[in-house]
Amino acid sequence: MTRSPRLSLYITMATFVLAYAVCAWQYPAMFSTRVVANLLTDNAFLGITAVGMTFVILSGGIDLSVGSVIAFSGVFLAVILRDTTMHPLVAFALLLAITISFGAAVGAIIHYLEMPPFIVTLAGMFLMRGLAYVLSTDSVPITHEFYDTIQDVYWKAPSGGRFRLIGGIMILCYIAAMIVLHRTRFGQNVYALGGNLATARLMGVPIARTTVMIYAIAGGLAGLAGIVYSVYTSAGYSLSTVGVELDAIAAVVIGGTLLTGGSGFVAGTFFGILIMGLIQTYIVFDGSLSSWWTKIVIGGLLFAFIMLQKALSWATTTRRRPATEFATRS
Amino acid sequence: MIGATFRRITPQLIILGIVLLLNFLVFPGFFSIEFQNGRLFGNLIDVLNRGAPVALLSIGMTLVIATKGIDLSVGAVMAIAGAVAASVVTGGGGWFTALIAALAAGLLCGLWNGVLVAFLRVQPIVATLVLMVAGRGVAQLITEGKIMTFLNEGLIFLGAGTILGLPTPIIIWLAMGTLVTFVVRRTALGMLIEAIGINETASRLAGINSRVLLLAVYLISGVCAATAGVIVAADIKGADANNAGLWMELDAILAVVIGGNSLLGGRFSIVASLLGALIIQSVNSVILLSGMPPEFNLVIKALIIIVILVIQSPTVKHALYLLRASAGSAVPEAHAVGPRNSPAKETRS
Amino acid sequence: ADKTVGFSQIGSESGWRAAETTVTKQQAEERGIDLKFADAQQKQENQIKALRSFIAQGVDAILLAPVVATGWDSVLEEAQDAEIPVILLDRKVDASDDLYMTAVTSDTVYEGEVAGKWLVDAVGSEECRVVELQGTTGSSPAIDRKAGFEKAIADAPNITIVRSQTGDFTRAQGKVVMESFLKAEGAENICALYAHNDDMAVGAIQAIKEAGATPGDDILVVAIDAVPDMHLAIANGEANATVELTPNMAGPAFDILDAYWADGTMPPKWVQTESRLYTADDDNQAIYEMKKGLGY
Amino acid sequence: MTETRKPALRATAIDKFFAGAIALDQVDLTLYPGEVHALLGENGAGKSTLIKCITGAYHRDGGTIELDGSPIDPRGPVESQALGIGTVYQEVNLLENMTVADNLFLGWQPMRAGMVDRRRMNRRAAEILAGYGLHIDPSLLLSSYSIAIQQVVAIARAVELSGKVLILDEPTASLDREEIDLLFSVVRELTARGMAVVFITHFLDQVFEISDRATVLRNGRVVGTRKLADVTQGDIVELMLGRHLEATKRKSQQTEPGDAILSLKDFGKRGMIDPFDLDLRQGEVVGLAGLLGSGRTETCKVIFGVVSADRGSAQLRGTPVRLSSPRTALEHRLGLCPEDRKTDGIVGDLSVRENIILSLQARQGWTRPLSRSRINAIVDEYVKALDIRLASPDMPIRLLSGGNQQKALLARWLATEPDILILDEPTRGIDVGAHAEIIQLIERLCAQGMALIVASSEMEELVAYSTRVIVLRDRRQVRELQGDEITTDRIVKSISQGESAA
Ligand SMILES: Nc1ncnc2c1ncn2[C@@H]1O[C@H](COP(=O)(O)OP(=O)(O)OP(=O)(O)O)[C@@H](O)[C@H]1O
Ligand SMILES: Nc1ncnc2c1ncn2[C@@H]1O[C@H](COP(=O)(O)OP(=O)(O)OP(=O)(O)O)[C@@H](O)[C@H]1O
Ligand SMILES: [Mg+2]
Ligand SMILES: [Mg+2]
């Protein structure tokens, strides 16, 4: 791992631009503000989740509970807004408090009980989805006029694309995350944790605080994604967003972040999300794939992107390989 | 040797005992076993029988995890193997051909994963994610999205038959577990796998052919998954490509972890993973027998799992150890396993 | 000119769903319609994405088999803005009904009722302890079919549901859960099985047989969907009744669209498909042969 | 040096127990402001453990620590750092995934308006490192630099963070004379300002050069504290080992080198090492000398196939071979004991036993496991021959002391009975006693017909046993010294002058 870490970011961006160009060439309708607006709006909740996932993965962890947290958030909001007269903003605050505490608890268990994040968050995934069921198995519509107000906040671009508020929230999340990760001590500590836990400890990184904060952020962002999702669908449903954690992980990894932690950029994740969205849009535009071919093609494209990335980074490193690198230390 | 193994799996045995007891509390007839129509009947037998797929998966998964990898594709491989077996017998083939074809499909899937991980150096979780997504599509392609039913007695026997009064799946996973454990522990394979899981660079420099070994563990995992897939299909006399093995990879990983194996690779115990699989099945059994409404299934499962994991966590284990030590004759060496004392490289995965 | 219709399907989680997809494609082909098919892998967000992409492509109409009732308002509004008619298939949505053209669906609560009525008639005044295999927790057919069945047996105090657990709509879970029912209650204490779909029932039938009891006789079996394997089971006397849910929702939908395109005829807001009950009185073997090729 | 001054740091009666061993037994250590205090002892004597107990990296089982007269109880490196105790632990403990500047400033980054000021951080980092003679780009990843440079960075970080006490655990293990001189001048500056420095090393020359007093540990106990002005090296060695040690001398007569085993022609890899020729004969020791980054490690790696050469040819006893991976090299009976034992050498969680037989087993193939008795015989043999100190061969190797790990790695390769053994910094972190033993071992092996390639920063060591010395500079072989030419002076001169290849 001697190549400049920024390289993988550029590679991801190049991959996206290249892929978008190919798509637009095949289906000219894809080069429209509608499609661009859709990419932002439809992936807003996933994008926000992936920001939290980036923090977690950079620190060498993983968070499988996010999909369930989103579902729980939706149901929680829907039930609260149905059964009480609470204002949505208050409900949002309450929900964020819950999911942040949940994340912090997960982080605390991981740190103090020394358990692997994969398993702790897997249990968290069962728990949150279970709680969503307990709250309501039905899908519950949200009819509060505040929701209509937020949904009506959009900017309609010339050729019909609607840039909605939730897309903007996602972009704000990315900007905030970039600042936190690269320009604060906490952000640097996240990278340190991902590099090597024992070393980070010897170097004086406050492991406990950092771990708890990382998972609290992931929980909070999953809660925010839940709010965005509830705005997106005006409902809460306990069966929604199953498997979103895998989508988020895939986006982070396509974005060039190493799952082993310590290396990557949140901006890469943004392009990872766009690439995943592009794959789906492309498949719908094609519209001729059967259910099973859809799965195969999604898998195939995922594979193709990973290979493209490998090839690009390989081509760039062999030319400028510094000397100390071991054959492959991945 | 035996003593060490036993000490290694004691926590799992205790937990299994507790969960079985829990079963007994919600359903007093839990431990009764009868002999009917030439086969054994009883909830305990069910636990062993229904635990078969996860047990089989956990065998391969243990090895993969020992190399610091993970195999998310096993559920999809199960679906593929079931579909292949079903399409062979509905196409007029015999059960043995079907079984071989299914295992070959599993090997092929393992080969794919293994090549990605060992040779193309793709991170295991991503490499196997590809097959997890695409594999189910392949299975559906074979069955065209239907449940492909079959009536081949030989194939059905693998999932629903009995040998010596025991359901065939129990025999199969026991045999597979014994075989793999034997191969891994009676040869140097186990140690070499552990070595690459702990420090691959150093292992490579020590002359270990890490690529071939990585490939091998994914192959084994593929075969285990294929066997599980055949059993599941045979059990319902049909290949259900849409649902066979769905999310089962998570159960398999959970089984390995409950078995006390580290997700960071290294030291492993297949026996402990198998016990982990049985623990999970016993938890499912509690849920089914308790008669609670299904909305509560996941919450109950989550809570039981959390308790199990907390009991197993190094910190709690250490605290218990200290407690015991201070109760009896205080042994100072206990500090050696304390959390602050591990200067070796530790990263979380 | 040829019309392009986008079809957003939930996924391919069951044989019935695969059949619906097959039939829809066949129907489109017969009418010379260019069908854009999008499989959402059971995710609402994917369906919304698909709908938006359809709108961006400018299709002539959209068929939507919604995975859940809620959450469609804003995307349906966008379709309306773009003047693309939307027809709902097999499930309805919570949105105001001027946002879509019509819904071609069965009445899932009614299906449960039909199944329940059959059981009430079949057992007469005898004491009957029923075990229920629910669909996926939280899915609307599971909720409705449970409600309908309970409504039908509400007036028959001799019929009680003694155990109810989810079998996830799958054959394998159906079998596993039935096994535990049999152990927990004892085969002789169960008079009937009600399954929210046929797949679970087929799995459960195997469990009953393995426990040494006779399905269809010792334990009555009634379920919903009328998939080919269930007809076969009824023909073999292993099951007693099933309520049909036709996979051909697209046929009526395309007819409506044709009429609309021809002269602007607006259909009624709900086109209900028939929920027919099949019992041993029908020629199930023949029906099985007929349905086999439909992609179930 | 008046002992009546107030001590800067005083540790009294420190105890530390490990499973099956007492690592520290009532250890006292007193540091005065302005002194360099050497902490000496054999491998496994407990030096590193004592340091970790003082900084709180380990939880001590007994004893008290005072800083400037007031008791302290740091519960971790964070706290001791905050108290003004800067530490370089034995293995380089930095983060390879972050830049050099990040590593230097982690936790105390310069801030502006609540944000990390990267530009200032990089500039400051460059300035600090320049003080150690390093002119590198601090905005590059740490992993792009060699282990020696990383060590300098670690030292620089500790120095910057230490207000009162600086602890250096074998900081010079892979440094060259030049860097060591720079380090020492920094240390002198610090002590002049009244800081107390703990210095752990196995190089007694350096101890006498810089230290004022020394505390010697043996088997977890203090066997004495001496003012260095009053004693000789021999006294200290005797104190450490509990016995007298013969000084190692250059062998008077060389064994006749035998037939050529390995011959490399025009062998090289672009970007790593320029093409070179090398003929290796049975029974000879070829030393590789050079400055930091001169390409010694690269030469070793290319020969062993860690990175395969992209040009040139290799012949093994006259037959052409391709050395494309460590595995093929192993099959051709080569061995490489790597420089960075933590990441490239030990398999931490495996037992010492398994680590020793690892390569032998790898060569046999997984289907043919070594028998229990064979394993025991091998392990017993080498534990005894190399005097590896361990509680049990079944303990994980990462629990061994640094020097003992190094010996176990050597045992791993000796167990494969190689024809050619490549040793990269073989005596790094090994105590004087063992050092002598290893040099004897190397001589014995040569006498038995093994050929060795040894890369080392220790000139004396190279002089002591090399038949030939190849001098490298800027990744190129510049000079080959033979026979009587092999003296420390000549080597140093060749390195600095870079005479064109002979
Ligand atoms: N965590 C541990 N568990 C058990 N034993 C340990 C542990 N850490 C160190 N030891 C043992 O404690 C003893 C002292 O080790 P230490 O690392 O302090 O030696 P050292 O003096 O620094 O030696 P070296 O010069 O080789 O670095 C050794 O015998 C080592 O095996
Ligand atoms: N003074 C320096 N400035 C910049 N980079 C350096 C410097 N010294 C070494 N390097 C880096 O370290 C690498 C060489 O390290 P390597 O360890 O392989 O050399 P070596 O000759 O074995 O020296 P040693 O083993 O003493 O570190 C070089 O490729 C270079 O990237
Ligand atoms: Mg030490
Ligand atoms: Mg070197």
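All figures in this text were calculated on a predicted structure; none of them were measured in a lab. Just so it is clear, the values below take in all heavy atoms, side chains as well, and ignore hydrogens, waters and symmetry mates. Letters A, B, ... are given to chains in the order of the sequence lines, protein chains preceding strands, and every chain is numbered from 1.
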For this session: Would you check if B/M292 and C/Q165 make a side-chain contact, meaning some heavy-atom pair closer than 4.5 Å?
Result: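 With C-beta onward as the side chain, the pair stays apart.
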
For this session: Taking the side chain as every heavy atom from C-beta outward, state whether C/D168 and B/N243 have any atom pair closer than 4.5 Å.
Result: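 Heavy-atom side-chain distance check fails, nothing below 4.5 Å.
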
To check you understand the geometry: which heavy-atom pair defines the closest contact between [X] and [Y], and what is its length?
X	Y	answer
C/K183	B/G42	CE-N, 3.8 Å
C/S180	B/L289	O-CD2, 4.2 Å
B/G145	C/A18	O-CB, 3.6 Å

Side chain / backbone / both / neither for [X] at chain C, heavy atoms under 4.5 Å:
X	result
B/N43	both
B/R39	side chain
B/N297	side chain

Exercise. At what distance, to the nearest 0.5 angstrom, does OG1 of C/T170 lie from CG of B/D240?
Worked result: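 Between C/T170 OG1 and B/D240 CG, I get 6.5 Å after rounding to 0.5 Å.
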
Seminar exercise, completed: Output for pair (C/E13 CD, B/L246 CG), nearest 0.5 Å, gives 10.5 Å

Contact origin within [X] toward chain B - heavy atom pairs under 4.5 Å:
X	value
C/Q206	side chain
C/R163	side chain
C/S164	backbone

Can you give me every donor-acceptor pair (side chain of residues 186-193 of chain C, partner residue at least two apart or in another chain, under 3.5 Å) with its distance?
unit_1	atom_1	unit_2	atom_2	d
C/N189	ND2	C/E185	O	2.7

